[in-house]
Every structure is written in structure tokens, then in C-alpha cells.
Amino acid sequence: MTTTPPLIAAKAPARVELTEGKSYFWCRCGRSQNQPFCDGSHKGTDLTPLKFTAEKTGPAFLCQCKATDNAPFCSGAHKTLAGAPGDPVPQG
């Protein structure tokens, strides 16, 4: 089975306003034109979006580098990530 690597969408998190109890679909593939949310651009890959429900209303910083270890939230991984937007996320 071929594993499609996610792409780096940006090297900084996206500040978004979330609504408590509302479900969102975070882009895992890095191909969405509606970052950090899914727009269906993953079709044709083996990647799928991450559905999550906001625990509180207010601002949140969602990962756009796709290397976070706290998806969908930014973990700061972009600070040491090699590569540029559009590049595959380094594996390992």
C-alpha cells in the first residue's frame, strides 16, 4: 500500500475562532485551499481529514505544517521543520 505524505501547508499555525460543541474537519493532507480546514482536496490520496469537536468557544491555533504531535492543534513542530510550504512533511 502506498502512503501519501502530507504536504506542508504553511510554517505557522492558523488562528481560528471555534464554537463549543461544533464539529470541524482539520486538513491532514496539506492540500486544502481552505487551510486549516478540509475542502476535499485529499481525494485520490490515502489521507483523510480529522474530525474534532471544539471543547470551548474562542481562539485556537491549528497546525498548518502537518507535523504536529497534538493534531489538530499546533505543537510548535513548525519551528524545527525542514522544508517549505508545498514540500512533503519529513517522515521519521
Side-chain angles (χ1 to χ4, degrees):
M1 179 173 142
T2 302
T3 301
T4 305
L7 302 179
I8 300 168
K11 297 278 289 255
R15 184 185 188 279
V16 298
E17 291 291 326
L18 301 179
T19 302
E20 181 178 351
K22 183 176 177 183
S23 293
Y24 298 88
F25 289 88
W26 175 70
C27 170
R28 244 191 267 237
C29 73
R31 292 159 175 79
S32 174
Q33 297 300 303
N34 189 35
Q35 289 294 329
F37 301 109
C38 177
D39 70 358
S41 293
H42 63 275
K43 289 183 175 80
T45 75
D46 56 355
L47 298 167
T48 58
L50 172 69
K51 181 181 180 181
F52 72 100
T53 302
E55 294 181 5
K56 62 182 181 178
T57 296
F61 291 89
L62 300 186
C63 174
Q64 295 190 103
C65 77
K66 311 307 172 189
T68 184
D69 59 4
N70 189 31
F73 303 100
C74 176
S75 68
H78 63 276
K79 294 176 184 173
T80 59
L81 187 64
D87 290 345
V89 174
Q91 303 299 308

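Formation of a donor-acceptor pair under 3.5 Å by the Gln64 side chain with backbone atoms of Ala9 is not found in this model.
Counting heavy atoms from C-beta on, the side chains of Lys66 and Cys27 come closer than 4.5 Å. Inter-residue side-chain proximity for Pro49 and Arg28 is flagged as unmet; no heavy-atom pair is nearer than 4.5 Å. Residues Val16 and Pro36 form a side-chain contact, since some pair of their non-hydrogen atoms from C-beta on lies under 4.5 Å apart.
Hydrophobic cluster membership for Phe61: none, as no Ile, Leu, Val, Met, Phe, Trp or Tyr side chain comes under 4.5 Å of it. Hydrophobic cluster of Val89: the remaining members, joined at side-chain heavy-atom separations below 4.5 Å, are Ile8, Leu81, listed by chain and number.
Not counting sequence neighbours, the partners of Pro85 by the side-chain contact (heavy atoms from CB on, under 4.5 Å) test are Lys11. Not a single side-chain hydrogen bond (donor to acceptor under 3.5 Å, both in side chains) links Gln33 to another residue, sequence neighbours left out. Residues passing the side-chain contact (heavy atoms from CB on, under 4.5 Å) test with Ala77, sequence neighbours excluded: Cys65, Ala67, Ser75. Scored by the side-chain contact (heavy atoms from CB on, under 4.5 Å) test, Leu47 finds Thr4, Pro6, Cys29, Arg31, Thr45 as partners (sequence neighbours excluded). For the salt bridge (charged side-chain N to carboxylate O under 4.0 Å, His left out) test, no residue two or more places apart in sequence or in another chain qualifies with Glu55. With sequence neighbours excluded, the residues that form a ring-ring contact (aromatic ring centres under 6.0 Å, His included) with Tyr24 are Phe37, Phe52. With sequence neighbours excluded, the residues that form a side-chain contact (heavy atoms from CB on, under 4.5 Å) with Ala71 are Trp26, Leu50, Thr68.
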Thr3 and Asp46: CA distance, side-chain angles, deciding distance, side-chain contact (heavy atoms from CB on, under 4.5 Å) verdict: CA-CA 6 Å; Thr3 301; Asp46 56 355; 4.0 Å; yes

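Listed by first and then second residue, the side chain to side chain donor-acceptor pair (under 3.5 Å) pairs involving residues 76-85 amount to none (not counting sequence neighbours).
Between the side chains of Thr53 and Ser23, at least one donor-acceptor pair of N or O atoms lies under 3.5 Å. Inspection of the Asn34 and Ser32 side chains reveals no N or O donor paired with an N or O acceptor under 3.5 Å.
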